[in-house]
Amino acid sequence: MRILGFVFFVCMLALPVFGQAPRLLITTDIGGDPDDQQSLVRLMVYSGEFEIEGLISSASGVPGELKQAVIRPYLIEEIIHGYQMVYPNLLKHDPNYPEPGYLLSVVKKGNPLRGWAYVGNGHNTEGSDWIIKMVDKKDKQPLNICIFGGQTDLAQALWNVKNYRSQKEYAQFIAKIRIYDINDQDHIFGNIFKEHPSLFYVLAKAPDGKDKREGAYRGIYLGGDESLTSMAWIGQNVLENHGPLGKLYPIKTWTAPNPHGVMKEGDTPSWFFFLVNGLNVADHPEYGGWGGRFLKSGPGYYNDAVDSLPNVKSARATVFRWRNDFQRDWSARMDWCVGEYSKCNHPPVVLVNQSSGKEMLILTAKAGKLINFDAGGSTDPDGNRLSYEWMVYPDDNHLTGKLEMKTDKGKASVKMPEMKKGESINLLLKVTDDGKPQLTSYKRIILNPK
C-alpha cells in the first residue's frame, strides 16, 4: 500500500491485485463436446498472463455423452504442440509466454470415472495428487482452479487432505484455493460443499428449476451480438492466416439457440474470471468481469448474479456485455501468432491520476467531497488515439445518497454521496484505442466512505 496524494483531503491508495501473474490449474473433460478444445486454444494466447500449473484431463464428456469412461490428455498435448509452432512469434509481443515444454510437463491424467462413488480410499489419480502438490507449493498466491468438466479429481484431493492431515493443516490447505466450477458437471457440488464448507467456490450454473441455458457462463456464446461468434468472424480472426494454433480450433459444436453452431467455449469464462485485466477482481466475484458476476449464497459460495441492460435482464448479460471487448482482444492476440510487433495492435496502458496499470485504485472520502480523476496520461504502445468511457459497474442502486458524476473524455469528477458502512461505489474507466482491432483496457476505482 502506498500513498499517492491528496485531493480535497481524499487519500488515494493503489493496491496491486497480484504481485505476479495469477496461478491457474484446469481440469477439463476434453474429448466430448469440442468446446473444451476451443477454450484451450484461446487460453494458449493468454498463457503469458498466468502461471499455468496444471492441465488435468478428467473424465471425457458430460455424464452419459460417451459410451466409455475415458480420458483424452493427448488432445491437450495436441493444442500445446500447435502453440509451440507460434510460440517464437508470440514472444515478440510478450516475453512472458511459457515454454511449450513446460506446458506439456503439467498435463496430468485424471479419473476416467466420475462422481462421489469414486472419491475416497483407492481413488487417487495423477491429477488429484498433482492438485495437492500445487496447493502445497510455497507461494503466497492462491491456486485458482478452473473446472471445465468434472470435479471428481478435485474432490479426491480434498478428501485426502481432510483425512490424512491435521485440522490446522487442512484449514491452511483450503485457504489457498479459489474454485470456479462450470455447471457442477459431476453433480457432486452438494457433497463437496457439505464436506468443505469454507472453500472459496464460484458455482456458475443456472438455478435449479430454471432453463440450464440461463447460466451466466453461457453468455460467452448466447445473447448480445452473436455475429461475433459466427463462422464468418471465427474464420477471419482465428482460422484463416493465423497459423497452426488457430487451425486447431474446432468449428462445429452445439450452441442452440445461438444460430451459428460454431463458437461455444462454455468453459472460457472460468479462466476469464481470474485474468488480471483491470476489470476482473477474483477476490470479489460480486464486482463482475469477463467471467461473469456472482453473489454470495449462504456461508461460503457464490452463484450467478443478474445484470440489467437495455431490453434484457439476465445472468448471461454479466458475460456477454463484454463480448465486443474480449473478442477484439482475442483477435489481436491471434494476430500476434503470425505478425510482427509493428504490424499488430496492443492494449492501451491506463493511468488515472498517479495510479498506472491494472491494479485497483481505492479511495476513501467524506460525504460531499469532490474527487477529480484525470486519465489523460494514459498511453498506447502503438501510438493509437484513445477514447474514454466512465461508468459505474456494478450499478449500485442501494446507496443512501445519490451519486453525482460528471465526465469529459479522460476526466471525471464525483461528489461523494452519503454512504453507510459497508457501502461502496465501483467506478470503472474503459480506455479504447482506434487500432485494428480496437482494444480496450480498464481501470476499476473503489470509492469507500470515510
Side-chain angles (χ1 to χ4, degrees), residues 21 24-58 60-61 70-110 146 148-149 220-221 229 231-253 262-272 275 326-341 343-344 346 437:
L24 193 71
L25 183 145
I26 287 170
T27 73
T28 168
D29 61 324
I30 194 168
D33 187 331
D35 76 317
D36 285 62
Q37 288 147 276
Q38 293 180 340
S39 291
L40 287 177
V41 167
R42 189 190 296 239
L43 175 62
M44 288 298 101
V45 293
Y46 284 86
S47 57
E49 305 293 336
F50 296 101
E51 296 288 341
I52 297 179
E53 298 188 354
L55 297 166
I56 298 173
S57 181
S58 61
S60 294
V70 295
I71 58 172
R72 291 173 172 156
Y74 64 88
L75 293 175
I76 304 175
E77 294 167 348
E78 180 182 58
I79 291 168
I80 296 172
H81 287 306
Y83 165 77
Q84 185 175 23
M85 300 293 287
V86 299
Y87 170 68
N89 215 73
L90 288 170
L91 287 177
K92 298 175 182 178
H93 302 268
D94 184 352
N96 293 316
Y97 277 104
E99 293 184 358
Y102 165 75
L103 292 178
L104 288 169
S105 76
V106 299
V107 177
K108 304 297 175 182
K109 297 176 181 178
C146 299
F148 284 15
I220 192 77
Y221 69 98
T229 70
M231 185 62 209
W233 194 94
I234 295 295
Q236 179 180 348
N237 295 280
V238 180
L239 297 173
E240 301 165 6
N241 304 315
H242 286 88
L245 177 63
K247 291 178 180 178
L248 290 174
Y249 191 86
I251 57 172
K252 186 62 179 176
T253 187
V262 180
M263 184 192 125
K264 185 176 183 181
E265 291 195 46
D267 303 303
T268 297
S270 65
W271 60 264
F272 266 179
L275 178 68
F326 61 66
Q327 289 297 82
R328 290 196 299 255
D329 199 84
W330 181 30
S331 173
R333 287 172 180 265
M334 293 307 298
D335 290 344
W336 297 359
C337 292
V338 293
E340 296 297 322
Y341 190 96
K343 302 295 184 181
C344 297
H346 306 84

(request) With the side chain counted from C-beta on, respond yes when Asp267 and Cys146 share a heavy-atom pair under 4.5 Å apart, and no when they do not. (result) no
(request) Answer yes or no: are there more than 12 heavy-atom neighbours, outside Lys92 itself, under 6.0 Å from its atom NZ? (result) yes
(request) Please assess Leu55 against Ile80 for the test side-chain contact (heavy atoms from CB on, under 4.5 Å), listing each intermediate value before the final yes or no. (result) CA-CA 11 Å; Leu55 297 166; Ile80 296 172; 4.0 Å; yes
(message) Counting C-beta onward and ignoring hydrogens, is there a side-chain heavy-atom pair between Ile79 and Leu245 closer than 4.5 Å?
(response) yes
(message) Quick check for you: to the nearest 0.5 Å, what is the distance between Arg72 atom CZ and Asp29 atom CG?
(response) 11.0 Å
(request) For residues Ser331 and Trp233, determine if any side-chain heavy atom of one lies less than 4.5 Å from a side-chain heavy atom of the other. (result) yes
(request) Kindly compute the distance separating CD (Glu240) from CD1 (Ile234), expressed to the nearest 0.5 Å. (result) 11.0 Å
(message) Quick check: closest heavy atoms across Ser47 and Met44, and the distance to 0.1 Å?
(response) OG-O, 2.8 Å
(message) To the nearest 0.5 Å, what is the distance between CD on Glu99 and CG on Leu91?
(response) 9.0 Å
(request) Scan side-chain atoms only and decide if His242 and Asp335 contain a donor-acceptor pair under the 3.5 Å cut-off. (result) yes
(request) Using the side-chain contact (heavy atoms from CB on, under 4.5 Å) rule, take Gln37 and Leu75 through it: C-alpha gap first, then chi angles, then the decisive distance, then the call. (result) CA-CA 8 Å; Gln37 288 147 276; Leu75 293 175; 4.1 Å; yes
(request) Answer whether the closest heavy-atom distance between the side chains of Leu25 and Ile56 falls below 4.5 Å. (result) yes
(request) Considering non-hydrogen atoms only, spot the tightest contact between Val338 and Gly243 and give its length. (result) CG1-N, 3.6 Å
(message) Under 3.5 Å, is there a donor on one side chain and an acceptor on the other for Asp35 and Thr253?
(response) no
(request) Heavy atoms only: give me the nearest Lys264-Tyr221 pair and the separation to one decimal. (result) O-CD2, 3.3 Å
(request) Work out which heavy atom in Gly246 is nearest to a heavy atom in Met334; give both atom names and the distance. (result) CA-CE, 3.7 Å
(message) Just so I know, are the side chains of Lys252 and Pro34 near enough to count as touching, which here means a heavy-atom distance under 4.5 Å?
(response) no
(message) If we check ring-ring contact (aromatic ring centres under 6.0 Å, His included) with Trp330, which of these qualifies: Phe272, Tyr249, Trp336, Tyr46?
(response) Tyr249
(message) Do Tyr83 and Val45 make a side-chain contact, defined as non-hydrogen atoms from C-beta onward lying under 4.5 Å apart?
(response) no
(request) Please answer whether the main-chain N or O of Asp36 pairs with a side-chain N or O of Thr28 as donor and acceptor at a distance below 3.5 Å. (result) no
(request) Mind checking the CD1-CG spacing from Ile52 to Leu24? Nearest 0.5 Å is all I need. (result) 6.0 Å
(message) Can you confirm whether Asn241 is buried at CG, in the sense that more than 12 heavy atoms of other residues, nucleotides or ligands lie under 6.0 Å from that atom?
(response) no
(request) Please round to the nearest 0.5 Å and tell me the distance separating atom CD1 of Ile251 and atom CE of Met263. (result) 14.5 Å
(message) As an exercise, state the distance from CG of Leu248 to CD of Gln38, rounded to the nearest 0.5 Å.
(response) 12.0 Å
(message) Checking the side chain of Ser60 only, and the main-chain atoms of Val70 only, is there a donor and an acceptor separated by less than 3.5 Å?
(response) yes
(message) Counting C-beta onward and ignoring hydrogens, is there a side-chain heavy-atom pair between Phe148 and Ile30 closer than 4.5 Å?
(response) no
(request) May I have the step-by-step check of side-chain contact (heavy atoms from CB on, under 4.5 Å) for Ser57 and Lys109, ending in yes or no? (result) CA-CA 5 Å; Ser57 181; Lys109 297 176 181 178; 5.8 Å; no
(message) Do Val107 and Ser105 have side chains that approach each other closer than 4.5 Å (heavy atoms only, starting at C-beta)?
(response) no
(request) Kindly give the heavy-atom pair with the smallest separation between Gly110 and Ile71, and that separation in Å. (result) O-CD1, 3.7 Å
(message) Run His93 and Cys344 through side-chain contact (heavy atoms from CB on, under 4.5 Å) and show every step you take.
(response) CA-CA 9 Å; His93 302 268; Cys344 297; 3.7 Å; yes
(request) Identify the heavy atoms of Ala21 and Glu51 that sit nearest to each other, and give their distance. (result) O-CG, 3.6 Å
(message) Regarding Arg333 and Glu49, does a basic nitrogen lie under 4.0 Å from an acidic carboxylate oxygen?
(response) yes
